[in-house]
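These numbers were taken from a predicted model, which means no experiment stands behind them.
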Amino acid sequence: MIFEHTYRNIEVGVTPIHEVLEQLGKPNKITEHNDNIHYLFSGMKVAALKSTGKVSTIAINKQSYVDSKGIGVGFYKVRLESKFRVKIRKICFVDETNGIV
């Protein structure tokens with residue numbers, strides 16, 4: 001299964017952080033963690049690599065968001081287990097090939 005890597009015209013690995021800031025405006029908070037700078041906006045967090053300035057992660061926490069695969073923020077674990085045909089034993093489900101759910 002391939003997961004989406006674009007949200008609101010922001011594409012992981014492609015979009016430079018200055019374009020994100022032009023589009024979304026001033027973030028609510030900025031923090032640094034290892035090789036990334038994290039920008040917290042309402043409903044989402046965007047991380048960019050310090051070395052390239054390009055988006056490395058988009059984390060969506062907007063409760064109304066549902067992706068094209070029908071996966072939404074806060075979905076019950078049993079729905080994810082059914083969809084991916086796996087038993088989830090941890091706090092999050094990680095698909096090491098395609099990304100994190």
Side-chain angles (χ1 to χ4, degrees):
M1 178 175 275
I2 303 299
F3 295 96
E4 297 177 16
H5 62 281
T6 301
Y7 177 67
R8 296 180 65 175
N9 296 318
I10 301 166
E11 187 172 356
V12 172
V14 175
T15 306
I17 195 62
H18 72 84
E19 288 183 15
V20 174
L21 296 173
E22 288 172 7
Q23 178 184 340
L24 300 178
K26 184 180 176 183
N28 298 328
K29 185 176 181 180
I30 300 173
T31 59
E32 291 190 30
H33 184 71
N34 297 329
D35 296 333
N36 286 288
I37 300 175
H38 297 253
Y39 300 83
L40 180 64
F41 298 94
S42 179
M44 66 187 290
K45 178 170 68 173
V46 177
L49 287 171
K50 290 179 187 177
S51 61
T52 65
K54 293 190 178 179
V55 172
S56 59
T57 307
I58 302 170
I60 304 163
N61 59 8
K62 187 176 182 179
Q63 289 296 319
S64 62
Y65 177 75
V66 177
D67 73 8
S68 64
K69 305 285 189 215
I71 300 169
V73 173
F75 269 31
Y76 288 105
K77 184 176 96 170
V78 68
R79 286 186 69 187
L80 292 174
E81 288 175 332
S82 174
K83 187 166 202 62
F84 290 101
R85 296 182 177 91
V86 296
K87 182 71 177 161
I88 301 171
R89 302 183 192 286
K90 297 185 179 182
I91 191 169
C92 66
F93 167 65
V94 179
D95 180 331
E96 298 195 11
T97 304
N98 299 306
I100 298 174
V101 174

Same cluster or not: are Y7 and V46 linked, directly or through other Ile, Leu, Val, Met, Phe, Trp or Tyr residues, by side-chain heavy atoms under 4.5 angstrom apart?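 Yes; tracing contacts between hydrophobic side chains, which count when under 4.5 Å, links both residues.
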Do the side chains of L21 and L49 join up, straight or via other hydrophobic residues, at under 4.5 Å, putting them in one cluster? no
[atom1]-[atom2] distance between [X] and [Y], expressed to the nearest 0.5 angstrom:
X   : Y   : atom1 : atom2 : answer
L40 : T31 : CG    : OG1   : 8.0 Å
T57 : M44 : OG1   : CE    : 11.0 Å
H18 : Q23 : NE2   : CD    : 12.5 Å
N9  : T15 : CG    : OG1   : 8.0 Å
F41 : I60 : CZ    : CD1   : 13.0 Å
I17 : L24 : CD1   : CG    : 8.5 Å

Around atom CG of N61, are there more than 12 heavy atoms of other residues, nucleotides or ligands at under 6.0 Å?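 Yes - once you tally the heavy atoms of other residues, nucleotides and ligands closer than 6.0 Å, there are more than 12.
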What pair of heavy atoms forms the shortest contact from N36 to S56, and how long is it?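 Answer, listing the atom of N36 first, then S56: OD1-OG, 2.7 Å.
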In short, K54 meets G13 closest at the heavy-atom pair CD-O, 3.7 Å
Going by salt bridge (Lys or Arg N to Asp or Glu O under 4.0 Å), name the pairs with one or both residues in residues 14-32, residues two or more places apart or in two chains.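 Salt bridge (Lys or Arg N to Asp or Glu O under 4.0 Å) check on residues 14-32 returns E32-K50.
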Check whether any side-chain heavy atom of V14 lies under 4.5 Å from a side-chain heavy atom of V55, and answer yes or no. no
Can you list everything that forms a ring pair (Phe, Tyr, Trp, His ring centres under 6.0 Å) with Y39? Sequence neighbours excluded, please.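 Ring pair (Phe, Tyr, Trp, His ring centres under 6.0 Å) list for Y39, sorted by chain: empty.
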